[in-house]
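No experiment lies behind these values; they were computed from the predicted model shown. One is the number of the first residue; the rest follow in order along the sequence.
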Amino acid sequence: MDSSRSLEYVLSMQGGDDDVSYAKNSYGPAAALASSKTMLTSAIDSIKLTKGGSSLIKIADLGCAVGDNTFSTVDTVIEALSRKVTVSDGKSDQPEPELEVFFSDLPSNDFNTLFRSLEDKVNSSSHKYFAAGVPGSFYGRLFPKGELHVVVTTSALQWLSQVPEKVMEKGSKTWNKGRAWIQGAEGDVVEAYAEQSDKDLVQFLKCRKEEIVEGGVLFMLMGGRPSGLVSQGLIEEEKRDGFNIPVYLRSTEEIASAVDRCGGFRIEKMEVLKIADPMNAKQQELKDPESYGLAMANSVQAGLKPMVEAYLGPDLTCKLFKQYAIRAAANKECLEKNYFYYMIAVSAIRV
């Protein structure tokens, strides 16, 4: 994919609510959210709420996507804040602060589906809140200075702002020939991704430093790694080599370094979470290989189809994922082996 082309209008989770939608295939992020819920709640508890303070608490979910996970994250924050307000204020005659939630993602996100379900979700919540959508990249400013009290971003920060330009330089030592990502790539390619990742994370933190009030909370849950970590002719080789997925899995050291260099935040807790791939359960649920292969293809399409389709076009994309389903069904190791992946959860206080 041409790195000069903005990813904002093609990089999104698959919208809608059909079988290949992100809403129907976000089992992995749901498992990660469940594993980090206690840490998120503890982060909210660290906020200082004083009498005479703001009568409006503002929350932002950056990279919100769409589906149950979106509202699950916000519900956790709302519930924790509501408990904290009750404990802090006791029986005072001061009115309980109102809550406002901003759902933010790239313009390519399926905000239509999100907004259609928003009213029911808010009304069914035990604690009411006001809601608004904010389209835009979280690698830039999204809110006025000192506006937000809680910012959460889950399963989004592993996506980079762009494909590193170096890996698109055909014939160079950083040319990512034969691959669409950094897995198995040469060291120079990995380094190019690491440089882009560091630049992006620092930029993200600088923007949030401006937007979050002192004493506010930034909670990040991102794909990570522990420390120390086409052949069938469907696609022409040159076309394959020109496509790269803008994802990088950071280590805890890389995250801590970026936070330290940016300043303005104190890390309260950082934890590497080992998550059992929810597709492991599908091995038992879906007895025949064909059904499992289709489920695997649907899961991959939920996260990559919009970007792949923008590059290959709808017809070739359809053929590609059909072939993916066939190959997944034939892969005995996928059908029998349990897989795990890693997420890094970080809670930080704005100082």
Side-chain angles (χ1 to χ4, degrees), residues 29-30 33-34 36-105 109 111 113-136 138 141-156 207-221 265 268 345-350:
L33 280 172
S36 65
K37 184 174 181 178
T38 299
M39 187 171 168
L40 173 56
T41 300
S42 296
I44 302 301
D45 289 340
S46 68
I47 296 178
K48 299 290 189 297
L49 294 179
T50 59
K51 293 182 180 181
S54 174
S55 61
L56 177 62
I57 297 177
K58 297 186 178 183
I59 304 145
D61 181 358
L62 306 185
C64 64
V66 65
D68 290 340
N69 289 347
T70 301
F71 297 105
S72 176
T73 302
V74 169
D75 285 345
T76 297
V77 174
I78 295 293
E79 289 170 8
L81 278 172
S82 297
R83 286 196 301 270
K84 186 173 181 63
V85 167
T86 300
V87 171
S88 300
D89 288 347
K91 296 181 179 180
S92 84
D93 56 2
Q94 187 175 8
E96 182 175 320
E98 294 184 309
L99 304 173
E100 184 174 19
V101 177
F102 298 101
F103 295 93
S104 180
D105 211 318
N109 186 56
F111 281 104
T113 297
L114 175 65
F115 292 154
R116 278 197 294 268
S117 56
L118 185 57
E119 184 177 2
D120 289 340
K121 292 292 185 180
V122 172
N123 289 336
S124 63
S125 174
S126 57
H127 304 283
K128 299 296 186 290
Y129 57 88
F130 297 96
V134 179
F138 54 37
R141 285 285 301 276
L142 294 167
F143 302 93
K145 185 178 179 68
E147 187 79 4
L148 304 173
H149 300 84
V150 180
V151 173
V152 296
T153 177
T154 62
S155 300
C207 293
R208 306 296 82 78
K209 182 169 67 172
E210 293 297 312
E211 297 166 349
I212 299 175
V213 301
E214 289 188 15
V217 164
L218 170 63
F219 182 83
M220 302 176 287
L221 176 64
F265 289 100
E268 290 286 281
V346 185
S347 62
I349 304 298
R350 176 69 174 89

Check: P144 main-chain N/O paired with E211 side-chain donor or acceptor under 3.5 Å: no

Minimum-distance pair of heavy atoms, taken over all atoms of N109 and V66: OD1-N, 4.3 Å

Nearest heavy atoms of D105 and C64, plus distance in Å: OD2-N, 3.3 Å

Sidechain-backbone polar pair: S104 side chain, V134 backbone, donor-acceptor under 3.5 Å: yes

Nearest heavy atoms of R208 and R141, plus distance in Å: NH2-CA, 4.3 Å

Close side-chain approach of M39 and F219, heavy atoms under 4.5 Å: yes

F130 atom CZ, neighbour heavy-atom count above 12 within 6.0 Å: no

Distance, nearest 0.5 Å, that separates CD1 of I47 from NZ of K84: 7.0 Å

Backbone of E79 reached by a side-chain donor or acceptor of S82 within 3.5 Å: no

Verdict with supporting geometry, V77 and D75, side chain to side chain contact (heavy atoms under 4.5 Å, CB included): CA-CA 5 Å; V77 174; D75 285 345; over 6 Å; no

Sidechain N-carboxylate O distance under 4.0 Å for E214, R350: no

E100 side chain near Y129 side chain, heavy-atom distance below 4.5 Å: no

Set of residues satisfying side-chain hydrogen bond (donor to acceptor under 3.5 Å, both in side chains) with respect to E147, sequence neighbours excluded: K58

Atom pair CG/CG of L40 and L221 - distance to nearest 0.5 Å: 9.0 Å

Shortest non-hydrogen contact from L114 toward A65: CD2-O, 4.3 Å

Minimum heavy-atom distance T153-L62, with the two atoms named: OG1-O, 3.0 Å

Nearest-0.5 Å distance, CD1 of residue I57 to CG of residue L81: 5.0 Å

V213 and L148, any side-chain heavy atoms less than 4.5 Å apart: no

Residue of the set V151, T73, I78, I44 for which side-chain contact (heavy atoms from CB on, under 4.5 Å) holds with I59: I78

Least distance between heavy atoms, A80 atom then T41 atom: CB-CG2, 4.1 Å

Minimum side-chain heavy-atom gap I349-S46 below 4.5 Å: yes

Greater than 12 external heavy atoms within 6.0 Å of K37's NZ: no

Contact check, side chains of C207 and F138, non-hydrogen atoms, under 4.5 Å: no

pair F103-T70: side-chain heavy atoms closer than 4.5 Å: yes

Set of residues satisfying ring-ring contact (aromatic ring centres under 6.0 Å, His included) with respect to F143, sequence neighbours excluded: F102

